[in-house]
Amino acid sequence: MARHLITSAIPYINGIKHLGNLVGSQLPADLFARYQRARGHEVLFLCATDEHGTPAELAAAKAGKPVAEYCAEMHEVQARIADGFRLSFDHFGRSSGPQNHRLTQHFAARLFDAGLIEEVVEQQMYSHADGRFLPDRYIEGTCPNCGFDSARGDQCDNCTKQLDPVDLINPHSTISGSTDLEMRETKHLYLRQSVMKDQLESWIDSKTDWPVLTTSIARKWLHDGDGLQDRGITRDLDWGIPVRRGDEDWPGMEGKVFYVWFDAPIEYIACAEEWVDAGKGTDWERWWRTDKGAADVRYTQFMGKDNVPFHTLTFPATILGSGEPWKVVDYIKSFNYLNYEGGQFSTSRGRGVFMDQALSLLPSDYWRWWLLSHAPESSDSEFTWENFQSSVNKDLADVLGNFVSRVTKFCRSKFGETVPSGGTFGATEEALITDLSARVETYAAMMEAMEVRKASQELRAIWVVGNEYLQTAAPWSVYKEDPQAAAGIVRLSLNLAALYAVLSAPFIPDAASEIATAMGLGDLSWPDDVPSALNRLSEGDSFAVPDNLFRKITDDELAEWKQRFAGVRD
RNA sequence: GCCUCGGUAGCUCAGCGGUUAGAGUUGACCGCUCAUAACGGUUAGGUCGCAGGUUCGAAUCCUGCCCGAGGCACCA
């Protein structure tokens, strides 16, 4: 039995995520976790909310709530929605938890002792009215280059020139609008990633089996410009993890917090500790410390491409630099972006479908199936309502749902709601078993390799095989001459439905569970081989005809939704 | 501007040096009638973004151009 540690990129706290965020990390991670559990492996699947940073503070202010309260509420909201999508986290933690505070401060101390943290005094823009230092993007003014009046402190959106906040004419805070700004001296900690460049590079070079998307982004950062740059890991903010050197104060760093991108990945570890503290587990170090039982763990991370630099460079630099035997990631599965109807999903403009809205339209299986079978693995991919409608109606309702329906209803009308006896396997059945055996093997190989689209294609092909078999075997015709032979065909077909429940569960857990319940299947453990799997339901076992598993999306609904989600979400 | 990735059938995508370029969907036709008018079969549909080059041979490698997306670091 293998041991799989699986983490999904942790979603930021400032609102409900859209379908593009979901398909880029949490959903494929869940697919993999469910598959590995089904194979009988030990799995720890962790996710959390990423709660620190300026955007969280601003979102809380906009909501008129203290930031801690806002984060606690949004965490609950996100947890509930994750549950709605059947994301099977073993724990859904919070980066603001005490475990992460301790651990982040611990790492900072270790890195400082190793000479990998440098104190740097620099100038940053301070806003008196806001009472805070402002990140470059929160300062706007007139571009000295083109005269555009809403140029941001980091870059002018009009002429695209890179800017420094001090370059702006009439700079003001985008938070308060105040022009009462000044450059002030402030001290920050920098993680000396540059020192570890060679070590990180040879580590990346050794990962020849990783997706090119992952390694190419990592290499770009390693070689871009002057090479891997040191990174500031502290900020002048109130909301975050106080800068401390382990248990001790950090002289000169009073009132500062760690930068969100420093503490967020550490939450992957802290989350395991939360999992234990929540009473769900007993030993988190067994998953994270190679000196305490984690040597045989295989660690897989899932994320969108925007998160790759931090997971391939910054976080590894953090845990390797500590000099302690932490588990380092074995495989990083990264995804491109999902676009929406010819443009991008946009959180700020409310363009596209958000997770809560999706669940209000249709059950999670519909979304899970479409999103996973169209996962943006090799390039950006596109959500269109037409495509969603045709895929869901065809694949789920017609191919799978209708198969279960026709088999169970035919049996009920001819033999009652009991698996019928009689009949023997002939050439058609042998061919079916041969075909299915090969397909199930391919399917498992694709799931193992996290080839999400290809796995979904193979699963669909497996469903199609059932319909082909029925067409060839034609029990409705055979029944007229030889009811016994028809019974054999039906018994095999019922077993096919049961097999589909098992194989489909990682993609569409709710429908799989409905089929399993209807078929009287106790557990959904993976079949050793197809022949034995097709004998799971025996003569005389009772079953029920389930309600239609999937309904179809109508043209009217499509038209309405298309219009509804094109606009702006408040 | 620089860098990265992509541009293959109406649509969503696979193939990434070697037989007549594939799948699903859509369209047309045939079959079946157990089933959510569902299923099965046949078939139509492509100068593989454009132009050069390398090669016995290129969708596949190289160069240039066009189009789309993303990144260019203290933004999450």
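Letters A, B, ... mirror the listed sequences (proteins, then strands); counts begin at 1.
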Could you list all N or O pairs between the protein and nucleotides 23-26 of chain B that sit under 3.5 Å apart?
unit_1	atom_1	unit_2	atom_2	d
B/G24	O3'	A/Arg460	NH2	3.3
B/U25	OP1	A/Arg460	NH2	3.2

Review item, nucleotides 66-69 of chain B N/O atoms under 3.5 Å of protein N/O:
unit_1	atom_1	unit_2	atom_2	d
B/A69	O3'	A/Gln344	NE2	3.4
B/A69	O2'	A/Asp380	OD2	2.6

Using the [atom1] atom on both, measure [N] against [M] and round to a whole Å.
N: B/G52; M: B/G10; atom1: P; value: 24 Å
N: B/U4; M: B/C29; atom1: C1'; value: 47 Å
N: B/U55; M: B/U60; atom1: P; value: 16 Å
N: B/A51; M: B/C67; atom1: C1'; value: 15 Å
N: B/G7; M: B/G46; atom1: C1'; value: 14 Å
N: B/C30; M: B/A69; atom1: P; value: 45 Å
N: B/U26; M: B/C11; atom1: P; value: 15 Å
N: B/U25; M: B/A21; atom1: P; value: 22 Å

Under 3.5 Å, sequence neighbours excluded: what are the donor-acceptor pairs made by side chains of residues 258-267 of chain A?
unit_1	atom_1	unit_2	atom_2	d
A/Asp263	OD1	A/His52	ND1	3.3
A/Asp263	OD2	A/His52	ND1	3.0
A/Glu267	OE2	A/Arg94	N	3.3

Item checked: Identified ring-ring contact (aromatic ring centres under 6.0 Å, His included) partner of A/Phe383 from the options A/Trp370, A/Phe565, A/Trp561 ->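 The single option meeting the ring-ring contact (aromatic ring centres under 6.0 Å, His included) with A/Phe383 is A/Trp370.
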Checklist line | Identified ring-ring contact (aromatic ring centres under 6.0 Å, His included) counterpart of A/Phe403 within the set A/Tyr469, A/Tyr500, A/Phe550 | finding: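 Single pass found, and it is A/Tyr500.
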How would you label the contact of [X] with the nucleic acid (heavy atoms, under 4.0 Å): base, sugar-phosphate, or nothing?
X: A/Val464; answer: sugar-phosphate
X: A/Phe310; answer: base
X: A/Lys414; answer: nothing

Under 3.5 Å, is there a donor-acceptor pair linking the side chains of [X] and [Y]?
X: A/Asp130; Y: A/Ser127; answer: yes
X: A/Gln26; Y: A/Ser8; answer: no
X: A/Thr49; Y: A/His75; answer: yes
X: A/Trp369; Y: A/Ser391; answer: no
X: A/Asp230; Y: A/Ser194; answer: yes

Just jot down the side chain to side chain contact (heavy atoms under 4.5 Å, CB included) partners of [X], sequence neighbours excluded, or say none.
X: A/Asn336; value: A/Leu213, A/Lys305, A/Pro376, A/Asp380
X: A/His172; value: A/Glu140, A/Thr179
X: A/Phe133; value: A/Gln124, A/Tyr126, A/Arg184, A/Thr186, A/Asp236
X: A/Thr472; value: A/Thr428

Margin query: Is the phosphate of B/A76 approached by A/Tyr259 (side-chain N or O, under 4.0 Å from OP1 or OP2)?
Written below: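 Yes, A/Tyr259 has a side-chain N/O under 4.0 Å of OP1/OP2 on B/A76.
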Margin query: Does B/U36 have OP1 or OP2 under 4.0 Å away from a side-chain N or O of A/Lys409?
Written below: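 So the side chain of A/Lys409 is within the cut-off, an N or O lying under 4.0 Å from OP1 or OP2 of B/U36.
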Which whole-number value in Å describes the distance from [X] [atom1] to [N] [atom2]?
X: A/Arg453; N: B/G15; atom1: CZ; atom2: C1'; answer: 14 Å
X: A/Phe403; N: B/U36; atom1: CZ; atom2: P; answer: 14 Å
X: A/Leu470; N: B/U33; atom1: CG; atom2: P; answer: 13 Å
X: A/Tyr469; N: B/C34; atom1: OH; atom2: P; answer: 17 Å
X: A/Phe383; N: B/C11; atom1: CZ; atom2: P; answer: 18 Å
X: A/Ile553; N: B/A38; atom1: CD1; atom2: C1'; answer: 17 Å
X: A/Phe133; N: B/C75; atom1: CZ; atom2: P; answer: 13 Å
X: A/Asp306; N: B/A73; atom1: CG; atom2: C1'; answer: 14 Å

Is there a Watson-Crick or G-U wobble partner for [N] with both distances under 3.5 Å, and which nucleotide is it?
N: B/G17; result: none
N: B/A38; result: none
N: B/C2; result: B/G71
N: B/A59; result: none
N: B/G24; result: B/C11
N: B/G64; result: B/C50

Next item on the list: Map A/Ser381 and A/Asn336 onto RNA chain B by nearest heavy atom, then report which one ends up closer to the 5' terminus.
Entry: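 The residue closer to the strand's 5' end, by nearest nucleotide, is A/Asn336.
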Check: Considering heavy-atom distances to RNA chain B, does A/Gln193 or A/Asn467 have its closest nucleotide positioned more toward the 5' end?
Finding: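 Its nearest nucleotide lies further toward 5', so the answer is A/Asn467.
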Next item on the list: Would you please determine if the base of B/C34 is stacked by A/Phe410, with stacking meaning a centroid separation under 5.5 angstrom and planes under 30 degrees?
Entry: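 Ring-base stacking flag not set for A/Phe410 and B/C34.
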Check: Sequence neighbours excluded, which residues qualify as salt bridge (charged side-chain N to carboxylate O under 4.0 Å, His left out) partners of A/Glu429?
Finding: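 Result, salt bridge (charged side-chain N to carboxylate O under 4.0 Å, His left out) vs A/Glu429: none returned.
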Margin query: Please give me every residue in residues 50-59 of chain A whose heavy atoms get under 4.0 Å of an atom in RNA chain B, ordered by residue number.
Written below: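 Output list: A/Asp50, A/Pro55.
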Check: Which ones in residues 369-377 of chain A lie close to RNA chain B, meaning a heavy atom under 4.0 Å from one of its atoms?
Finding: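 Per residue number, the list reads A/His374.
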Notebook entry, point to check: Nearest 0.5 Å, what's the CG-NZ distance between A/Leu228 and A/Lys197?
Noted result: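 Answer rounded to 0.5 Å: 8.0 Å.
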Check: Does A/Thr234 have any side chain to side chain donor-acceptor pair (under 3.5 Å) partners at least two apart in sequence or in another chain, and if so, which?
Finding: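 Side chain to side chain donor-acceptor pair (under 3.5 Å) check on A/Thr234 returns A/His188.
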Notebook entry, point to check: Does the base of B/A38 carry an N or O that pairs as donor and acceptor with the side chain of A/Asn402 under 3.5 Å?
Noted result: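 A donor-acceptor contact between them is absent.
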In a table with atom names and distances, give each donor-acceptor pair under 3.5 Å that connects a side chain of residues 409-417 of chain A to protein atoms at least two apart or in another chain.
unit_1	atom_1	unit_2	atom_2	d
A/Lys409	NZ	A/Ser405	OG	3.4
A/Ser413	OG	A/Phe410	O	3.0
A/Glu417	OE1	A/Val545	N	3.2

Margin query: Do A/Ser504 and A/Trp463 have side chains that approach each other closer than 4.5 Å (heavy atoms only, starting at C-beta)?
Written below: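 Of all side-chain heavy-atom pairs linking A/Trp463 with A/Ser504, at least one is under 4.5 Å.
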